[in-house]
Asks: 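After the structure tokens below, expect a handful of questions from me.
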Amino acid sequence: ADVVMAFSAFAQLPASTRRLWGVGAGLLVVGYFAKTAVWFRVQDQSLAAAAAAHEKASRHLEASRASAQEFALPPIPAHLVSKAKQLRHTTTRGGASSSSPEN
């Protein structure tokens, strides 16, 4: 019943006012569909760009791993590491002796 009253009130408006309301409603509908179309286009472009970046990063990672294998060195023995740390803390830097551990 309320819908019928709204339509009858709309029908009693002057033709120019009804036309104005029609244009406004049309703009809202067209705007909604345009926004939706732009959203899907941007979403597709963003996903494509992310996929391309992922593919490029994966190739770079694989190349880096292959390159690192060429220069793979055995681990440094623990006794040499401790000697190097001792030397680092007791060496002279800039003319002053540094016996405290560095951070």
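Side chains are part of it too, since the values below use all heavy atoms of this structure and drop only hydrogens, waters and symmetry mates.
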Asks: Can you list, by chain and residue number, the hydrophobic cluster partners of L13 when the side-chain cut-off is 4.5 Å?
Replies: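 Via sub-4.5 Å side-chain contacts, L13 links to F10, W21.
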Asks: Tabulate below the donor-acceptor pairs under 3.5 Å that side-chain atoms of residues 31-38 make, not counting sequence neighbours, or state none.
Replies:
{"unit_1": "T36", "atom_1": "OG1", "unit_2": "Y32", "atom_2": "O", "d": "2.9"}

Asks: Scan residues 49-67 for pairs that pass salt bridge (charged side-chain N to carboxylate O under 4.0 Å, His left out), counting only residues two or more places apart or in two chains.
Replies: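 For residues 49-67: E55-R59.
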Asks: Under 3.5 Å, side chain of S67 to main-chain N/O of S64, donor-acceptor pair present?
Replies: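 No; judged by distance alone, with no hydrogens or angles, the pair does not exist.
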Asks: Would you please name every residue forming a side-chain contact (heavy atoms from CB on, under 4.5 Å) with I76, sequence neighbours left out?
Replies: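 So I76 forms a side-chain contact (heavy atoms from CB on, under 4.5 Å) with L80, V81.
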Asks: To the nearest 0.5 Å, tell me how far Q12 CD sits from T17 OG1.
Replies: 12.5 Å
Asks: With ILVMFWY side chains joined below 4.5 Å, transitively, what does F71's cluster contain besides itself?
Replies: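 Besides F71, the hydrophobic cluster comprises nothing; the residue is isolated.
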Asks: Applying side-chain contact (heavy atoms from CB on, under 4.5 Å), name anything that partners P74, two or more places apart in sequence or on another chain.
Replies: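 Listed in chain order: nothing, the list is empty.
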Asks: Excluding sequence neighbours, so at least two apart, what forms side-chain contact (heavy atoms from CB on, under 4.5 Å) with S16?
Replies: P14, R19
Asks: F40: which other cluster members, linking ILVMFWY side chains closer than 4.5 Å, directly or transitively?
Replies: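 Once heavy-atom contacts under 4.5 Å are chained together, F40 belongs with W39.
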Asks: Taking the hydrophobic residues Ile, Leu, Val, Met, Phe, Trp and Tyr, and joining any pair whose side-chain heavy atoms are under 4.5 Å apart, which ones share a cluster with L47?
Replies: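 So far as hydrophobic clustering goes, L47 is joined with none.
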